[in-house]
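Since the structure comes first, as structure tokens, the remarks are kept for the end.
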Amino acid sequence: MRRGGFVNTLSGRFLALTVAFVMLAEVLIFVPSIARFRADFLTLRLEKAQIASLAQLAAEDMVTPALEKELLANAEVYNVVLRRDEVRQLVLSSPLPKPISNTFDLREAGPWELIRDAFSCLLEPDDQIIRVIGYPVQSAGLLIEITMDSKPLRSAMLDYGGRILLLSALISGVTAFFLFLAVQRLIVAPIRRVVNHMTAYAEAPEDGRRVIEPTASVVELRDAEEAMHAMQTQLTGSLRQKERLAQLGGAVAKISHDLRNILTTAQLFADRIEGSADPMVARAAPKLVGSIARAVALCESTLAFGKAEEAAPQLREVALAALAEDVAEGEGLAGEGTVTCLIEVPEALRIYADYDQLFRVLSNLVRNARQAIDATGTEGSIEISAGETGAEWWIRVGDTGPGLPEKAREHLFEAFQGGARKGGIGLGLAIAAELIRGHGGRLELARSDADGTEFVIHLPKSIEANT
């Protein structure tokens with residue numbers, strides 16, 4: 001909704017500021033101009049009086065009182081005093097209608113004095129008799145002094161000032177008009193175009209056709225359009241991706257729900273196998289049951305992840321060495337093979353964590369490491385080590401693989417963004433990082449280069465106090 005009308009628009013404010021600043025500039029020109037006009041006016045009176053006085057001196061015996069009166073009237077003064085050869089002489093004279101009010105000496109008057117006297121004359125409404133002193137032209141004496149009426153001077157100054165102000169107003173109007181047109185074309189129109197693009201884009205941000213295309217010729221506006229283009233392009237891509245992820249999430253939730261039902265049935269049969277009299281079956285059954293139980297839990301966690309939530313960790317004391325061995329065995333690294341797993345975890349090390357969630361995190365890291373090594377077609381090793389400091393427990397999972405691609409490292413812990421291998425969906429590390437954050441810790445990439453990759457899990461010991 002528009003408010004304030006034209007005055008509150010960019011065009012209106014620019015127009016008002018243009019008029020104001022042009023008028024200010026004209027005022028700054030007007031002040032010395034009016035002072036100079038007054039000085040020139042008085043100088044001209046002095047010159048007229050000097051000519052009249054020279055006529056009197058040239059033919060002193062021939063100048064009658066009537067002619068003297070005519071000379072004074074022509075010079076528009078009352079008296080003329082001329083100083084020559086150190087002698088002060090009243091050359092022409094007539095009665096003064098009133099006493100002299102002010103005396104102005106133009107011989108040594110500076111700019112500020114001229115400006116002050118000019119405005120004093122303009123602001124004085126009463127007619128006064130003033131004395132003016134100056135130098136005669138052509139060095140015709142030491143000084144010339146006249147008395148005159150201030151009314152003609154003030155009238156001439158008002159007329160000159162009015163014409164200057166009228167011309168200033170005209171210049172301000174014309175300048176403001178053309179600047180207004182220029183601003184409308186060069187600034188306001190591009191800004192309005194950007195605003196219209198923003199409004200249209202906000203109505204359908206997923207429509208790529210509404211992304212602004214930078215066309216402004218003004219550098220600042222072009223930078224703004226390019227920044228907006230990049231932002232809108234990124235936002236449109238994110239919205240499309242989120243829509244696809246929402247659809248994918250719905251499909252995964254349905255699959256996980258059905259898979260959980262299937263695994264529940266398999267778990268019932270595994271429970272029966274656990275009671276088998278066959279020693280080999282009896283030894284393998286607990287691991288089978290544990291694997292199925294974790295698969296069921298994973299399905300349930302996937303359903304929870306689809307609801308943008310992860311179950312709070314159930315903290316208890318965990319023997320980390322045994323957990324690491326279970327992870328290695330679960331990933332098929334317990335025996336001989338091209339990929340070996342080295343576990344360097346103290347047997348006495350106990351931490352407080354959710355066993356199943358930490359198992360999932362380590363399984364994900366170990367599985368990623370094994371797949372990276374397998375992709376090279378050479379032998380390699382995975383190392384799981386752990387330790388503690390006064391404030392935290394730490395777990396390192398390193399491998400001798402080829403390292404992570406640069407693109408994968410940029411969004412490593414973002415869902416569906418940080419896939420490190422071909423065919424991966426980039427969800428495992430995102431879930432692992434979220435599970436560790438649920439413990440109050442953090443999962444970080446310590447290094448990844450041609451010699452391999454190493455992740456570090458940090459778990460604070462302060463969690464122990466909350467259990």
Side-chain angles (χ1 to χ4, degrees), residues 283-284 286-291 293-295 297-298 301 310-337 339-373 380-401 404 412-413 428-448 451-467:
R283 285 196 301 271
K287 298 185 181 298
L288 177 61
V289 172
S291 297
R294 284 192 292 272
L298 179 60
S301 298
E310 188 71 51
Q314 302 298 316
L315 303 181
R316 66 177 188 271
E317 186 178 277
V318 174
L320 190 56
L323 173 60
E325 292 176 358
D326 288 344
V327 169
E329 186 174 353
E331 294 300 324
L333 300 175
E336 297 294 332
V339 181
T340 59
C341 183
L342 306 177
I343 299 176
E344 296 186 358
V345 180
E347 290 291 338
L349 182 60
R350 299 289 189 273
I351 67 173
Y352 278 83
D354 186 305
Y355 183 93
D356 291 331
Q357 290 188 3
L358 189 56
F359 186 96
R360 289 169 56 189
V361 172
L362 292 177
S363 293
N364 182 272
L365 296 177
V366 171
R367 185 181 310 113
N368 288 345
R370 178 174 55 80
Q371 291 172 346
I373 296 173
S381 62
I382 302 172
E383 181 179 345
I384 303 176
S385 59
E388 61 181 326
T389 64
E392 67 175 14
W393 297 290
W394 55 267
I395 307 171
R396 296 181 184 272
V397 179
D399 63 65
T400 59
L404 295 172
L412 194 58
F413 301 110
L429 287 176
I431 295 176
E434 182 179 351
L435 293 176
I436 295 301
R437 285 196 299 270
H439 284 71
R442 69 183 189 278
L443 172 62
E444 64 181 15
L445 177 65
R447 67 174 179 86
S448 183
D451 296 328
T453 301
E454 184 178 275
F455 287 91
V456 181
I457 300 172
H458 298 273
L459 296 174
K461 288 187 175 179
S462 58
I463 295 178
E464 180 178 357
N466 299 328
T467 57

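From a predicted model like this one, the values you see are computed outputs, not experimental measurements.
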Determine yes or no for a side-chain-to-main-chain donor-acceptor pair under 3.5 angstrom, with [X] supplying the side chain and [Y] the backbone.
X	Y	answer
S385	V345	no
D399	A369	no
S363	V327	no

Any side-chain heavy-atom pair from [X] and [Y] closer than 4.5 angstrom?
X	Y	result
F455	V361	no
D326	F359	yes
I431	N364	no
V456	H458	yes
Q357	L435	yes
R396	I384	no

Between [atom1] of [X] and [atom2] of [Y], what distance do you get to the nearest 0.5 Å?
X	Y	atom1	atom2	result
I382	E454	CD1	CD	13.0 Å
L443	I457	CG	CD1	6.0 Å
N368	I373	CG	CD1	11.0 Å
L342	E344	CG	CD	6.5 Å
I395	I351	CD1	CD1	4.5 Å

Which heavy-atom pair separates [X] from [Y] by the least distance, and what is that distance?
X	Y	answer
S448	L404	OG-N, 2.7 Å
P460	G440	CG-O, 3.3 Å
W393	R350	NE1-O, 3.6 Å
L358	A353	CD2-CB, 4.1 Å
I343	A328	CD1-CB, 4.2 Å
S381	T400	N-OG1, 3.0 Å

Would you please name every residue forming a salt bridge (Lys or Arg N to Asp or Glu O under 4.0 Å) with R442, sequence neighbours left out?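 Counting only residues at least two positions away or on another chain, R442 forms a salt bridge (Lys or Arg N to Asp or Glu O under 4.0 Å) with E444.
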
Evaluate salt bridge (charged side-chain N to carboxylate O under 4.0 Å, His left out) for E331 paired with R370, printing each intermediate quantity in order. CA-CA 9 Å; E331 294 300 324; R370 178 174 55 80; 3.5 Å; yes

Should the heavy atoms of other residues, nucleotides or ligands under 6.0 Å from CD of E317 be counted, would the total exceed 12? yes

Identify whether the distance between the nearest side-chain nitrogen and carboxylate oxygen of K461 and E388 falls below 4.0 Å. yes

